[in-house]
There are 2 protein chains.
Amino acid sequence: MAYEQLKLDNQLCFRLYTAARLTMGAYHPYLDPLGITYPQYLVMLVLWEHEKQTVMDISHRLQLDTNTVTPLLQRMEKAGLIKRTKGKEDARQRIVTLTDKGLAMQEQAKHIPECLSAEILNHIGSIEELTKIVPTLDKLIEGLKQTNNEH
Amino acid sequence: MAYEQLKLDNQLCFRLYTAARLTMGAYHPYLDPLGITYPQYLVMLVLWEHEKQTVMDISHRLQLDTNTVTPLLQRMEKAGLIKRTKGKEDARQRIVTLTDKGLAMQEQAKHIPECLSAEILNHIGSIEELTKIVPTLDKLIEGLKQTNNEH
DNA sequence: TAATTTTGCATCGTAAACGATATAATTTTT
DNA sequence: AAAAATTATATCGTTTACGATGCAAAATTA
């Protein structure tokens with residue numbers, strides 16, 4: 001028999017892992033019509049907030065490394081959502097900007113958050129219960145950033 | 001400027017996504033010596049609880065599809081952690097069992113959960129705050145399972 | 001019993017993640 | 001200024017995820 005602490009039901013990380021995957025799945029019906037994936041949607045959110053950003057700005061914001069973000073951006077450029085131009089002052093940098101198509105997509109996307117809230121609300125009862133866990137998740141994320149930096 | 005609801009900081013899913021990734025990163029120093037990845041660790045947890053399971057048992061337990069689990073199990077078999085035998089009553093099934101090596105790994109792994117708790121505790125203050133969000137995550141997961149089944 | 005459907009698993013293709021490494025441009029040091 | 005170190009991004013290889021499809025064994029129906 002398993003040690004108590006090794007039981008799957010006692011694992012917080014497994015819950016986060018599952019919740020994250022299933023939530024991404026819930027976005028599918030809304031992102032498919034736009035032709036983007038969930039990570040690409042996150043990049044769009046970042047760019048809709050600030051039009052002009054470097055690869056590093058984006059990867060910092062999403063807590064992803066450039067080796068994940070670069071191919072992501074390359075695919076998005078291919079899809080005509082963004083442009084990647086060489087930086088003028090610093091030629092190492094790549095400046096990422098939205099195309100007209102990328103900018104226009106914001107209008108189609110603006111209802112997605114409320115659609116998702118409504119969908120979850122159908123099955124869970126109260127959205128407040130979910131917003132209540134946000135500060136804890138933020139603390140966890142901050143803690144993990146430090147933990148992971150130490151190794 | 002972005003619509004308020006489209007701001008990254010207002011996205012619960014982004015938090016789950018980030019928290020899950022960073023937590024998996026925190027497991028790295030403990031799983032590397034064992035030569036397994038986090039999803040493989042999850043499979044081990046499942047098998048340590050019940051020695052003998054079909055591919056479907058495991059994929060149900062982890063909320064993953066067989067097209068994810070099968071290659072995972074193939075790699076784990078190659079690594080000598082599990083065996084996959086054809087089912088006797090039902091020849092379609094694959095019965096997954098632990099090898100001696102896989103069973104023995106439990107002893108090396110039994111301290112991992114407390115190590116991780118301690119590590120997080122260092123940076124976050126109280127573990128209770130984390131356990132408090134578990135019921136909400138469970139409700140969210142259950143709700144999302146249904147939501148995703150409808151589409 | 002033969003035909004059909006369903007089920008359990010596997011394979012394929014694509015997109016993430018991420019460690020390791022490479023490369024070119026900038027900074028810092030000598 | 002030349003050399004060394006750092007920085008920003010990109011490339012490569014492996015492992016996940018997951019939609020789509022295939023296939024053989026069982027279960028169901030005709």
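Chain letters run A, B, ... following the sequence lines, proteins first, then strands; residues in each count from 1.
- In this structure, Y17(A) atom OH and dA16(C) atom P are separated by 17 Å, rounded to whole Å.
- Summarising the geometry, the separation between CD on Q93(A) and P on dA24(C) is reported as 18 Å, rounded to the nearest angstrom.
- For the pair R94(B) and dG8(C), the criterion of a side-chain N or O lying under 4.0 Å from OP1 or OP2 is not met.
- With a 3.5 Å ceiling on both atom-pair distances, the Watson-Crick or G-U wobble partner of dA30(D) is dT1(C).
- Nucleotides of DNA chain D lying under 4.0 Å from heavy atoms of chain B occupy a range whose first and last members, 5' to 3', are dT15(D) to dA26(D).
- The existence of a salt bridge linking E49(A) and K7(B) is excluded, since no basic side-chain nitrogen approaches an acidic carboxylate oxygen closer than 4.0 Å.
- Between R75(A) and the phosphate of dT14(C), there is no side-chain N or O to OP1/OP2 separation shorter than 4.0 Å.
- Mapped onto DNA chain D by nearest heavy atom, H28(A) and T68(A) fall at different nucleotides, with T68(A) at the one closer to the 5' end.
- Between L42(A) atom CG and dA17(C) atom C1' there is a gap of 13 Å when expressed in whole angstrom units.
- For the OP1/OP2 pair of dA16(C) and a distance below 4.0 Å, the side-chain nitrogens and oxygens of Q40(A) include at least one atom meeting the criterion.
- Contact annotation: side chain of D90(B) to base of dG8(C), donor-acceptor pair absent below 3.5 Å.
- For the pair N67(B) CG and dT7(C) P, the computed distance is 17 Å after rounding to whole Å.
- The existence of a salt bridge linking R61(A) and D9(B) is confirmed by a sub-4.0 Å separation between a basic side-chain nitrogen and an acidic carboxylate oxygen.
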